[in-house]
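Everything below concerns the one structure shown next.
For the single chain, residues carry numbers from 1 onward in sequence order. For ligands, and for the atoms within them, numbers begin at 1 and follow the listed sequence.
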Amino acid sequence: MVTMGPPVVDLGRRAASLEPQLSEAITRVVRSGVYLLGPETAAFESEFARFCGRAHAVAVASGTEALRLAMVAIGVGPGDEVIVPAFTAVPTAAAVCAAGAVPVPVDVDPDTAGLDAERATDAVTDRTRAVIPVHLYGRPMALPDLGVPVIEDAAQAHGALDAAVPSVASCYSFYPTKNLGGIGDGGTVVTDDAALADRVRQLRQHGLHDATTYEHIAVSGNSRLSELEAAVLRVELERLPEWTARRRAIAAAYRAAAPSLRWQEPHARHVYHLCVARVEDRDAFRAQMPFGTAVHYARAITQQPAYARFSRFACRRADAWAAECVSLPCFPEMTDDEIEHVSRALP
Ligand SMILES: Cc1ncc(COP(=O)(O)O)c(C=O)c1O
C-alpha cells in the first residue's frame, strides 16, 4: 500500500507543539506528590464542564468507563436493554455489557451515520432503559425523544454538542488520538444533574461515599483519572478551539477538492475527529492514494463475532458504512502543503 504523504494522525507533532507547557505541567505534577484526585483533576473538571456549557464534569479512567458509570448511575443493570447505533466504535456496545445490560444495535442514517430515529423508536420495548446516540466522527446527531433517558457517546465530539439532544449525560474519551487526547487513557461524564455527578464520583472510587467515615455505599471499582493526565488535558484544552478550526478547514478543503466523493452530511458544529469519505472500492482507493488512510470501522457491531448475538434487526446501512468508509489525514498540525497534497490526489 502507498503511504507517502501525511499519515491519518501524528501525535508526535501535537506533543511538540505543546512545549514548553507540556513538560512544565508534567514536572509540576511529579513534584507535587499528589497523583490521583488532586487539584489538577478538580481544575480540569471545572474547566471542561465550562467548555461544554454544563454544570458538572466527573473525570474517570476512560471513555468506556464514562459510559458504563453514567449508565450504572441512572440505574441501568441486568435485564435492561440499551439502544445503540449498529455503526460505532465497539466500546459503545462494550460499555452496555459492562453495565450488565443488553445492547440493542439499531441501523443508522445513510447520510449522517447517526442512529436512525424511526428505527430507534421502533426498537423501544418495556425493557429499554436508555439510548446512546453516538456523535460519530465528531458530527452532532439529533434524536427525537424516545421516552427513555439519553446518554450521549461524545467520545469523538469535544466541542460539537449544542444540546440538540437533551441528555442526562454526555460521555467523552481522552484516548490519545481524540480531539482532546491525553498521554494515556481518560474520560469524563458531563452533566447538569448534581446527584448524577455525585453518584459517578462515588462509583469511580469503589462506591466511596464518605472518606472520613470510610463508608462505601455501592459495589464498584477503580476508575480514577491520573493527575498527570488531567494536567496534560488542561494544557490541551486551551488549544482546542484553535485545533477544531484547523480540522474544519482541512475537511472543507477536501470537500471542495472532491465534491463528487460521498461525504458525511455536513453540520456547522462538526469537529472532524475523523474526516471520512465513502468509496465503493475501498481497497483500490487505499492502494492508490499517496497518503495515509485508515478504516473506522471495518465492521458494524452486528458483524462483530463478540456482539453478533445481540443482533435483533437487519442493519444494512451500517453494513454499507462499514464496507465503504475511509478516514483521510486530518490533524491540526498538518501543513498547508500536506493538505494541498491530499486535496490534489482525491478523485
Ligand atoms: C465512539 C466511541 N465511543 C467510546 C469510545 C471509548 O473510549 P475509550 O477508548 O477512552 O475507552 C471511543 C474511543 O475509543 C469511541 O470512539
Q) In the protein, which heavy atom is nearest to atom 3 (N) of ligand 1, and how far is it? A) D153 OD2, 2.7 Å

Q) What residue and heavy atom of the protein are closest to atom 11 (O) of ligand 1, and at what distance? A) T64 OG1, 2.5 Å

Using a 4.0 Å cut-off to any heavy atom of [X], which atoms of ligand 1 qualify?
X    : answer
G186 : 10 (O)
G63  : 7 (O), 8 (P), 10 (O), 11 (O)
T92  : 3 (N)
P91  : 4 (C), 5 (C), 6 (C)
A89  : 1 (C), 2 (C), 15 (C), 16 (O)
V134 : 1 (C)
A155 : 2 (C), 3 (N), 4 (C), 5 (C), 12 (C), 15 (C)
K178 : 12 (C), 13 (C), 14 (O), 15 (C), 16 (O)

Q) Where on Q156 is there a heavy atom closer than 4.0 Å to ligand 1, on the side chain, on the backbone, on both, or on neither? A) side chain

Q) Hey, which of D109, D116, D111 is the one that makes salt bridge (Lys or Arg N to Asp or Glu O under 4.0 Å) with R317? A) D116

Q) Does H135 offer a backbone N or O that forms a donor-acceptor pair with the side chain of E152 under 3.5 Å? A) no

Q) Can you tell me if E229 uses its side chain to pair, donor with acceptor, with the backbone of S226 under 3.5 Å? A) no

Q. Any chance the side chains of T125 and E81 put a donor and an acceptor closer than 3.5 Å?
A. yes

Q) Would R68 and S62 count as having a side-chain donor-acceptor pair, cut-off 3.5 Å? A) no

Q: Check whether any heavy atom of Y297 sits under 4.0 Å from an atom of ligand 1.
A: yes

Q.
One thing to verify: whether R14 and E236 come together as a salt bridge, which I'm taking to mean a side-chain N less than 4.0 angstrom from a carboxylate O.
A. yes

(Q) Under a 4.0 Å threshold between the charged nitrogen and the carboxylate oxygen, would R246 count as salt-bridged to D336? (A) yes

Q) Hey, is CD on E280 packed in by over 12 heavy atoms from elsewhere, all under 6.0 Å? A) no

